[in-house]
Every structure is written in structure tokens, then in C-alpha cells.
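Here's the structure, in C-alpha cells; my notes come after.
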Amino acid sequence: MDSITFDINDALKHYMSDPATIPTPEADSALVDCENDPESLTDNGVVNSVLNPIVDAVAENPDAIMRSQIFDSLQFLLKCAPISSDSDPLSHFVYEHEESTFLQTPPRTPPGPASAARRLVGEPASKLFELSRNTSYLSAHALSKIFDLITSGLATEADVIHHDLESDEQELVAHHRQLLEIYGFLLQWTIAAVETKAAEKSSTAAPARRGKPKGKKDANANKDGAWDSSAQLETALSTMCKVLRLKLGKLFLTTSERDTFVGLLTRPVYMILESEQRVKNTSVRMHAFKVLCIAVKHHGHGYAAQISIVQNLTYFEHLSEPMAEFLHILADQYDYPQLADEILRELSNKEFSSNDTKGPKSVSTFMVKLSELAPRLVIKQVTLLAKQLDSESHALRSALIEVFGNMLAYLSKSDERGENHKSQMNAFFDVLEERFLDVNPYCRCRTIQVYVKLCELDQKFPKRRQRAAELACRSLEDKSSHVRRNAIKLLGTLIRTHPFTALHGAQLARKDWQERLDKVQSELDSLKPPVDAPGLDGDKGNTTVDQALLDDATQIESPKKQAAEMTDEQKFAAVQKAREEAATSEAIEKLTLTKRYYSEALKFIDVLHEATETICQLLGSKNKSEVIEAMDYFEIGDAYNIEQNKLGIRRMLRLIWTKGNSDEGKGVQTHLIECYKRLFFEAPDSFSPNDAANYIARNMISLTFGATPAELTSLEQLLSTMMKSGMIPDAVIAKLWQVYGVQKREISRTQRRGSIIVLGMLATANPEIVVGDMETMLRTGLGRHGHADLQLAKYTCVALRRINPTGRQASKDSTVKFSRLQNDHAVLQKLAAITEVPSENKEWFGVAEQAINAIYALSRHPDVLCSEIIRRKAKAVFSQQSSSRPTSRDETRSNPGSQAGSQEGNEEALDSTVMGPTQPSSQPPPSPEKKQKKDNAIALSQLLFIVGHVAIKQIVHLELCELDFKRRKQEKEKSAQVAKERSTLSSSTMSAGGRKSIKPGAKEEEEGDELDLIGGTTEDDFTEAMTHIRERELLYGATSLLAMFGPMVSEICANNTTYKDRGLQQAATLCMAKLMCVSSEYCEANLPLLITIMERSSDATVRSNAVIALGDMAVCFNHLIDENTDFLYRRLADPDPSVKRTCLMTLTFLILAGQVKVKGQLGEMAKCLEDEDKRIADLARMFFTELSTKDNAVYNHFVDMFSLLSAERSLDEESFRRIVKFLLGFVEKDKHAKQLAGKLADRLSRCDTERHWNDVAYALGQLQHKNEDIAKLVGEGFKMVQAPVKS
């Protein structure tokens, strides 16, 4: 049969232009018949009839491939499979010819039906080849068969060539060369077709699944889809390796011929690597690398590989790490580092377009991976790579930062410790420290992340760690939350890996280290020689010289006298002295090093203490991951006993209130609970169950020591949540009761208090905790210990109140309802008795407040019991008085028709400030008469406090009765059961058994039906009846007990010169304020007095209470307070910070809740943004942040605020600008910015001072909206028009 004459250059030329143009005149006639009927080619029978003889022939003799029919038939079949897919972004082919090696990209399918290339070779147009450019008509079965055929043929031929070359058969060289070129050419084509089909399959798999009509093509596609060519690819790549191991220099006489042939084998490898799926297959990837490594190492493929790799990095992101892996294998296993060096040199000089994001990212990943795998390769070129630190691409800069970190890790593990090694490390550290100030936050983050990795190394770098700690501390104030979060993480890692563990363990308590330093310093001072010691004092010794000892310069030196020989005793003494001096010198040197060690540890601890203050602030960050990182830092710091971290752990408590609407919010709460669980609720594994319970109970009690009321509230929420989750075992609760109830020995008051505080907190989740040990509470907290420690009695009352859960706890509890107690119950009797304990201690007021709260929570008839308390207290107060009760002043104003407003929130708001602290008296002991007056004032203050608190609790009780009535009313309507009325309720139920009581009759649980008769059977009637009782009966009823105290309180408050005791005035003002919340008539009559007190009182506590009272009245009787809100705003300028803070909090609540209308006074609150007190400034920021979420409120009021702030002379320009910048940050909509700019621009022409003009111009500059006319107006500057001066 005819043999072909094959020219590889000509074949490649046609193949790269358009494979369909390659002539196949000798192809099998069965295939030629398919040209006009492409569908017939999909029949495997037709293809098999052609392929099977070819397979047999080639298997028998690889030379059979040179038969024209076989060769053309194979080319014909391959032309039926497209070799370029639209899904591939780029295909690279290295085409070498006689004189040059260049990169050529095959063009896409020509747009015309007949290309110029086709006309060049003169092949007639064929329907099959036209269609096969986009659609494969060659089945996977046929393609697989061709693939196996060519691979096996090439493998056999390689064996034959190897044998012949060993035998030195020179006459067969040309024949073997042509066979290799034919097989290489066909293998390249086949692999291209295989990869194209694989790409088509992956791109069409998703649409196929969506469902198209099932037809013949779909069936074939599914059949093709089952073919996995990975195993065949591995075999082909192994065969390529076998071929490349041949002595190709004997076959290809010129370099260009060899390069052309090597290109036939390497081009398919690059095409395989372009597929991400192929690269993920480790076996395929390793085989591909092997082919390239042999080609580069033994066949001069280095330059072509360099071009391909650089372009692959530019266009294929998935090849970044594989290419680094390839270069590592090439250098490590094949000892060829030159290619990596050349590529790094090229990349160091490469400039990327500002619009190119893919290229820098891919190159960055490559460099980082290579520096991890082969740091020796990178460190040689690092000087050149450093030029990219000036690149505009932050991805490249970030990559180089990480590369430098990897270089440091490599050098730290190196055995070399010379000067060059040290200078290299210092250079890398210097660059990293500079990058803490990179303009891009991602680069700053990467720098910190690199330091985190370096901290984990065995080498500690103590000097550099100190600098890193300082830089991380500075980065805590970075504007990027990501940088701050990573800085916190770095500080935590620095703590975990700190180097100061050699002498005294890992703890970092500053107090201990300072004591050690002081001790070493004292030892050093004791070892230092005296100042006048010879030879040890340097230049400070005696420098006076006797002139008789000195010779003239010209005098001949006289012969020296022989020194007298030393005796044995002198020799021994000299040796002994030398030894002592050496020992002393050694001890001094050792102590000096120890001192330096301690000093460096203290410097590190000081940085951590400084950082802790900033991290405490970051607990309030909006970025939840930053908050979580801060919590982890405090947990780490606590493990190393850093004192300042205790503060952070307490601050963490407030995070329990983080809103849990999102996963992030819930994540913060969950993380907080987990942190506290690890810190306080997990005993060491070595502890027995009893010891573990003791450990946890002691920790829980310690959490209450020194806690503020806000911290205790947060702790209560935390412990309640943990109790509901079952995290607190019963054994711990039992231990807490043991600590609280211990009688046989005296324990610290704080410990006993802490136990009942914690038990009360846990009872909010499970009231049964308190119910089971009521006897212990009566015996301890309300017994002897409680009388001696009023704080203990107070928290015992709080715990007792938990028996009947109210508010949110009540709705979440079980269906078992609490049955209120009769007034003769021991608990209620003890609670009543504790209010009558004689005491001058200010803590009495807290006890009385909580005892009354508990009575109203537990008693079935709290009004009756409290009436008795008031009667007994009044009798005790006034029975000692010789004079009668003070006459009341005339009430000039009354408004009996006023309607009562809502009373929700009165209790919490008014109770927040009960009594302020009194200054301890430094006066000499008072006379008996003065002491009697003082005792009388204290007793009257306590009575008025009880009266006021009972009044406020009584109206809350009335509201609960009303809610209870409505609830039962609804239940009745649902069940449609009509209950018979058992008795009628007389209109004179205000008195019980002829006695005066607080309110008209007690509401019992069993008397539910009687409630209907108070105001009829409708809810409106009942509500009206309750309002009448509140307005007219409680303070003005003929038989009401409270009515007797209203005029008295007004009298005491009005005559503060007569009743000048400070405590009495505080109690009277508070009582009057609470009574004013009961009745609008009483409120209207005494409102001028309260406002006068708020304005003129010299007592900050009285002013604060008046502010809170006005806030509550704004909720209750809005129509009375609405006209007097200016008095509230004035308190924002109060000289006392506590009053100012109270006023700001009150106004924040009223404005955000919509209880008061804002009438241009927001400017006063804006001034608080620059208050000296940081807490006030933070409160103001929080207020405006919340206000900005409500219907553009900041935008609506900005002009009024600006006018007030600009006119404020006491506000300096810098403070004004900071306030304006902060407020305008909430104006986000372009429409609003445009409107504000117009309003402010109109003011420029009306500005009469330069400062005013500058203020307006600055505000305009802060707005996002840009207007050329306004910019021009501002650019002209301030113009002052001055009248001409007359001469």
C-alpha cells in the first residue's frame, strides 16, 4: 500500500489554521460517503468498520500508521470532532520552526462558510466539516478508540526506537523520526478533540438537566457523558514521558527539529492544564508536570515553558498554585531552578493595567504559593520582587507582604546564623513594619496576619515582638474594622506565644513582674562596689598625683627595683579576693540580664494594658466579628492573669443585650455565653463533683463583687439565659444556698450577699429555686443577718419577689400560676417588719423599696398591708412630736377634669434615682436637741419615702387589676359561660372595716366577678372607673390614707428653709413627684413648685429626681408637660455632670418614644456631642444614631440645629465642625443633600461675620451633593462691605 510523505511543518501550518482544511484524499470510502450525511457518522457501526482494521494493523506494526488510507482515515475522523470550544477563554500553542520559537494562538472558527485557507488547499466545501466546527459528529466511543490506538502505537514505537538506538541502527533514524512526528501530530490532535469534548460536556451538563425533549441526540449525549477520559489521559502522558526519555538528539539532528517535535508533546499538556477539572485531578496533574519537567530539563523547553507559564498566570486563575507546584518539583526533583528564576525576574518587571484585576490576583497567588513551597528559589529574587511593593495593585503588595513573611519563616528555621542571615531578617521585618501603614486596608490586614503566623514560630524575635505589639496597639484605632479585628487577633497571639516563660511561668500579672524587678534592682544595688573602691570606679577615682613620683620627659629611666616576694598567706588572700571579685562580677552580670528580662516583660505588659482600654471600646462595634474577636482576646488575657482584662470581661456582660434578629446578633450572644462558661463555669477535669460545684459557686459569687447596677442587670440576663439552657447544675444551686444560709460561722458579707444576688437572678428563669428555700430566706435575709446587713435584706426581698414572675418572665413561664398570699403569711409579715427596722443608714431606703415591691408582687391585698405599714410608721414618727402636723399651704390651682394618661414605665423610671449619697459630716458631735431633730428628720424622710413608693406601686396595681379584668372578660366571652354575680360591691368600698386604706377595696383573685360591678360590664366603663379612682379617690378621697400626705409633702417642699434637712428635702421631693404621677389634678397644682425646685435646688440628687419625674409626667399627663419641656432642655446645661447625664437619658427616651414633640431644641442635645464627660458624649452619639433611623429626623431638624450651634459663642470652631460633620453623616440621600445645600447656600449672602460664613461653607463642603453655582459662590470667599470713611 502507498506510504505517505509527511512534513510536520506543513501539517502544523494547516492544523493551526483550520484542521478542516487538511486534505484526506485516501480516506476510507465509507467515511467519505458520510460527508453529505453527517448523521450517519454517529452510527458506531460505520466507524467501527473503519477503525477495527486500522487498530489491528497498527497493533501488528506501528509502521502501519504511515499507510495513506490509515493516516487519512484517522485524520478524517478527527476532523469530525471540533478542537476549539467557545467555553475555553484561550488556547496557547508553541509552534517552533527552523529559525524561531514563537507563541501562536489558533483562530476561532472562521465566520464564512468557506474560509480562505480551505480555498488555498483546494478542498471542496463539505457539509460534514462545516458542521463539525461547532458540533462533534464523532462519538465518544470512536474518539476513545482513536485515543487508545494512537497512544499504544506511540508507546510501541518508543520501545522499538529505544532498542534500535541502543543497537546504533543509523539507517532507521529518518524512518523513526517521521513515525514519531506522525504519532506526535495525531496525539496532539486527539488530545485537543478529547479536551474539547470534555469542555462541551461540562458546559452543557446544566442545561441538559433542565429538561429538553428526549431524542436521539440527547441519548447520545448521555451515552457520551458516561465516558471519563482521565485514565486514558494518564496513559498518554506516561507514553509522552517514555518518548521524551529517548535520546532525541540522535533522531533530530537540528535544534529546531527537536523543538518542533517536543512542542507536539507539550502543547497538549498546556491544553490539559487549562481545564480546571483536570488540574484538580492529582494524578493527571502530576503526569502533566512530569512531561513538562523532562522537556525542560533534557530538551531545551525552558524558554517556551516560561512564556506559557507567564501567560497562563495572566489568563487562568486556577493555574496559579499548580504552576508554583510545578516549578517547585522542577527545582527540587529535577534540579532545574533556572526556570523559576527567569519567571520571577519577568514578573518583577511586569506592569499591570489599572483595569486588570485578574492578572495581579493570579500572579499574587502564584508568588505566595511558590514562597511556601520553595522559599530558597524566591529568596534569591526577592530584591527584584520588592519593586512590586510600589505597584498600584493592592493584591500584589499583599502577596509580597506574605512572601516576606514566608521568607522570615524560612530563615528562622535555617541553621545559618551569620551576619548576612541577620541582615536579611532585619530587612524583611523593616518592610513588614512599614506595611502597617499601607494605604490599603487589605494590605494592612495581610501584614497583621503574617505577624500572627510568625508568632507561632519556635524563634520568638523578642525585640521585634515588642514593636509588633506596639504597632498592633496602634492599629486598634484603624478606620477599617477588618484591620482592627486582625490587630486584636495579633495581640491575643502575642500573649499566647510570649517569650517570658523561662523563669516564672506564663502568667503576665504586672504587679508580680514589678515586684520581681524591684527585688533584682535591690540585689544589684547591694552588690555594686562603693564609689571610692580602687579599680572599679572608672574615672571617678582619685586623680591627684604627687609630683615627686614623676620623672621629667628627658630623664633617663632608672633601673626598677625588684618587688618583694609575696608570702603564702598573701598569695592565698589575693587568690581568695580574685575569686570573690569574679563571683561578684558574675552575679552582677547575671542580675543585669535578669533585670533586662523583667524590664522587657513589663514593657510588653504595659502595651497590653494600653491596648485593653481600646479593645473595651471595640466591644461596642457594629461589626460583630470584631466584637467576637475582642471577647476571645479578653478570655486569653484572663488565662494569663492580665489585670486590665478583668475590666474587659465585665464590659462583655452588656453584650447579652445584643439584638438577636440576625445570625450575627445571636452569634454574639452565644459566643458571650460560651466565653463565660469557659471562664467561670467549667472546673478543671481533676476536680471531684463536689469540688467542681464549690469552684463554680465561688466563681458565680465573685461576679457580683464590685458590680455596678448596670452590670448586675446584664449578669441577671446572662445567668437567666444559661439557667434556661440547663448550663447550671443543681449541685451548684445547693452550694449557693449553703453559703447564704450558713449560721455556725461568720462569713464575709459580700459572699453572703453575692449568693442571694445570684440565686435571685437564677430565679427569674426558675422560680422554684426560691420557693423551695423560703424558710432559709426568712431566717437569714429577713432575720438577724438581714437586720445587721441591710444590703443582704434588700437582695433577699428581690429574690422573694421572683416567686411571682411578672412582665416578660411571666409570659414565658409554665402554665402553673402563682397563688397570692394572705397578709398574715410569714413572708409578708417579715417583709412588713423589715421596713420598720430603725436605722439611720441610707441603705434602708433600698430595703424599703424592694420590700414594698415584694409585697405588691406576692400579697393578695397589698393595699391593706401597706396601709398598716404607713399607719405604724406615721404613729412612730408623730407620736414623738409635740406639735401637730404642719399645716398645708393653699392649693391655688386644680383641674378636676383632667384625664389620666398611661402609666407604663413609671416604676422603673422613678425608682432609678431614689436617694443620693450624703456627705459624711465632719462637724463635732451634735447636742442632744440637734440629734433629736436629726432623728425626727430621718424618720419623717423614711415615712415620706414609703408613702411615695406605695403610691406609685398602687397605680401599677390598679393597672394590673384592669388587665386582669380584661383578660377574664375575654375568657368569659370565649367560653360563653355566664357566671352569676355573688354579691354587689358598694360604692363605699374605699374603707375596709371602717379603717382608712390606700385605695377603695382590695382586689382578690377569687373576686373576679365582682370587678364587673365596679364600672358596669364593659371594658370602657371599667377603665373609666379605674381612672376615677386614680384621679379623685387616691389623693382626694375622704377616706383615703394617701390624701393626708399630699398637702404635707407640698408644704415641706415649698418651705425648704424651714425644713432644711437635706435628706428630708430629697425624700419629700421624690414623694411629691411620685404623687404627681398618680393624679393629674395634683400634678397640675404642684407642677410650678417641682419646676422651681428643679431650677433652683442646690442638691444635684433633687434636680436629677425632678428631671426623671418630669419625664414620667410627660408620659402620664402629656398635655401638662408639653408646654414645659424647655425646662427639661435647660438641664442639659446643668453644672453637675450627673444631672446633665440624667437629663440626656430622659430626653433620649421621650424623643425616641415619641412622647414629646421636638421644637428646635435638638441643638442643645447636639452640643452634648462635644461634652467633656465622655459618657455624655457617647450617649449623645447613640441618641442621634437612633434618631437617624426615624423618618429622616436628622435631615428635618438640621437647619434648626445648625442655627443654634452657629450662634453658640461658647462653642469653638473645631468642636462645631466635628458636630456638623457627625450630623451630616446621617444625610445619605442625594435629594436631601441637594435641598440642604440650597438652604445653606442662601445663608452665605446673609452672613455678617467671617466665622458665620466659614461655618456655612464648611457644612456645604461636608455634603455629598456637588453644585457648580454653590462651589463658585463658596470659592469667592467672604465679602465684607464697608462704608467709605469720610475725611
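Note that these values count all heavy atoms, side chains included, but never hydrogens, waters or copies made by symmetry.
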Assess the residue pair Asn281 and Gln277 against the criterion (side-chain contact (heavy atoms from CB on, under 4.5 Å)); give the C-alpha distance rounded to whole Å, side-chain angles, the decisive distance to 0.1 Å, and a yes or no.
CA-CA 7 Å; Asn281 186 322; Gln277 295 302 318; over 6 Å; no
Test side-chain contact (heavy atoms from CB on, under 4.5 Å) on Phe252 and Val262 and set out the steps.
CA-CA 11 Å; Phe252 300 96; Val262 171; over 6 Å; no
Run the side-chain contact (heavy atoms from CB on, under 4.5 Å) test on Asn641 and Leu508 for me, step by step, so that the C-alpha distance in whole Å, both residues' side-chain angles and the decisive distance to 0.1 Å come before the verdict.
CA-CA 6 Å; Asn641 201 24; Leu508 292 172; over 6 Å; no
Please assess Thr592 against Glu589 for the test side-chain contact (heavy atoms from CB on, under 4.5 Å), listing each intermediate value before the final yes or no.
CA-CA 5 Å; Thr592 304; Glu589 185 178 356; 5.6 Å; no
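Residues forming a side chain to side chain contact (heavy atoms under 4.5 Å, CB included) with Asp430 (at least two apart in sequence, or on another chain): Glu433, Arg464. A search for ring pair (Phe, Tyr, Trp, His ring centres under 6.0 Å) contacts involving His299 returns nothing, not counting sequence neighbours. For Glu626, the side-chain hydrogen bond (donor to acceptor under 3.5 Å, both in side chains) partners are Arg484, Ser621, not counting sequence neighbours. Every residue was checked against the side chain to side chain contact (heavy atoms under 4.5 Å, CB included) condition with Ala639, not counting sequence neighbours, and none meets it. Under the side-chain hydrogen bond (donor to acceptor under 3.5 Å, both in side chains) criterion, Asn349 pairs with Lys387, sequence neighbours left out. Residues passing the ring pair (Phe, Tyr, Trp, His ring centres under 6.0 Å) test with Phe634: none are found, sequence neighbours excluded. Take Glu321 and apply the side chain to side chain contact (heavy atoms under 4.5 Å, CB included) test, not counting sequence neighbours, and it matches Thr365, Lys369. Residues satisfying the side-chain hydrogen bond (donor to acceptor under 3.5 Å, both in side chains) criterion with Glu402, sequence neighbours excluded, are Arg446, Lys453. Annotation: side-chain hydrogen bond (donor to acceptor under 3.5 Å, both in side chains) contacts of Arg465 (sequence neighbours excluded): Thr497. Taking the side chain to side chain contact (heavy atoms under 4.5 Å, CB included) definition, one finds that Gln459 meets it with Ser412, Arg417, Met425, Phe461, sequence neighbours left out.
Between Met286 and Ile329, the shortest heavy-atom distance links the atoms SD-CD1, 4.0 Å. What you find for Ile636 and Gly492 is that their closest heavy atoms are CG2-O, 3.9 Å. When all heavy atoms are compared, the tightest approach of Ala469 to Leu491 is O-CD2, 4.0 Å. When all heavy atoms are compared, the tightest approach of Ser480 to Asp478 is N-OD1, 2.8 Å. Counting all heavy atoms, side chain and backbone alike, Leu385 lies closest to Leu344 at CD2-O, 3.8 Å. When every heavy atom of Ser275 is checked against every heavy atom of His318, the shortest pair comes out as C-NE2, 3.8 Å.
To the nearest 0.5 Å, atoms CD1 (Ile628) and CG (Leu619) are separated by 11.5 Å. Atom CE of Met323 and atom CD1 of Ile309 lie 5.5 Å apart (nearest 0.5 Å). Atom-to-atom distance recorded for Arg444:CZ and Lys479:NZ is 6.5 Å, nearest 0.5 angstrom. Put simply, CG on Leu454 and CD on Gln449 are 12.0 Å apart, with the number rounded to the nearest 0.5 Å. Atoms OG and CD, on Ser283 and Glu234 in that order, are 3.0 Å from each other to the nearest 0.5 Å. With values rounded to the nearest 0.5 angstrom, Ser481 atom OG is found 10.0 Å from Leu618 atom CG.
Ion pairing between Arg345 and Glu342 holds under the 4.0 Å rule for side-chain N and carboxylate O. We find that Glu456 and Arg496 are joined by a salt bridge, their nearest charged nitrogen and carboxylate oxygen being less than 4.0 Å apart. Between Asp606 and Arg510 there is a salt bridge, since a side-chain N of the basic residue sits under 4.0 Å from a carboxylate O of the acidic one.
A side-chain donor-acceptor contact under 3.5 Å links His287 and Ser238. No hydrogens or angles considered: a donor-acceptor pair under 3.5 Å links the side chains of Ser625 and Asn623.
Heavy atoms from other residues, nucleotides or ligands lying under 6.0 Å from OH of Tyr442 number 12 at most. Taking a 6.0 Å sphere around CD of Glu392, one finds it holds 12 or fewer heavy atoms contributed by other residues, nucleotides or ligands. Within a 6.0 Å sphere centred on NZ of Lys380, heavy atoms belonging to other residues, nucleotides or ligands number more than 12.
Put simply, the residue from Leu400, Leu389, Asn426, Thr447 that forms a side-chain contact (heavy atoms from CB on, under 4.5 Å) with Val431 is Leu389. For the side-chain contact (heavy atoms from CB on, under 4.5 Å) criterion with Cys443, the lone passing option out of Val483, Ile401, Leu437, Leu396 is Ile401.
In this structure, the side chains of Gln333 and Cys293 stay at 4.5 Å or more apart for every pair of heavy atoms. Between Asn312 and Leu273 the shortest side-chain heavy-atom distance does not fall below 4.5 Å. Between Tyr334 and Lys290 the shortest side-chain heavy-atom distance falls below 4.5 Å. Using a 4.5 Å cut-off on side-chain heavy atoms (C-beta onward), Gln424 and Leu411 make contact. The side-chain heavy atoms of Val243 and Phe261, taken from C-beta on, include a pair separated by under 4.5 Å. For the pair Ser362/Thr314, no side-chain contact is recorded, criterion being any heavy-atom separation below 4.5 Å from C-beta on. Side-chain contact between Asp259 and Thr254 is absent, with no heavy atoms from C-beta onward closer than 4.5 Å. The shortest distance between side-chain heavy atoms of His482 and Cys445 falls below 4.5 Å.
Between the side chain of Glu317 and the main chain of Gly359, no donor-acceptor pair closer than 3.5 Å is present.
A centroid separation of less than 6.0 Å is found between the aromatic rings of Tyr451 and Phe436. Side-chain rings of His498 and Tyr640 approach one another, their centers coming within less than 6.0 Å.
Residue pairs meeting the side-chain hydrogen bond (donor to acceptor under 3.5 Å, both in side chains) criterion with at least one partner in residues 593-603, sequence neighbours excluded, are His504-Tyr598, Gln521-Lys595.
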Taking only distance into account, with no hydrogens and no angle test, what donor-acceptor pairs under 3.5 Å do side-chain atoms of residues 609-616 form with protein atoms, sequence neighbours excluded?
residue: Thr612; atom: OG1; partner: Leu608; partner atom: O; Å: 2.7
residue: Thr612; atom: OG1; partner: Tyr633; partner atom: OH; Å: 3.4
residue: Thr612; atom: OG1; partner: Asn645; partner atom: OD1; Å: 3.4

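With a 6.0 Å cutoff to the six-membered ring centre and a 45° limit on the axis angle, Lys413 does not count as a cation-pi contact of Tyr410.
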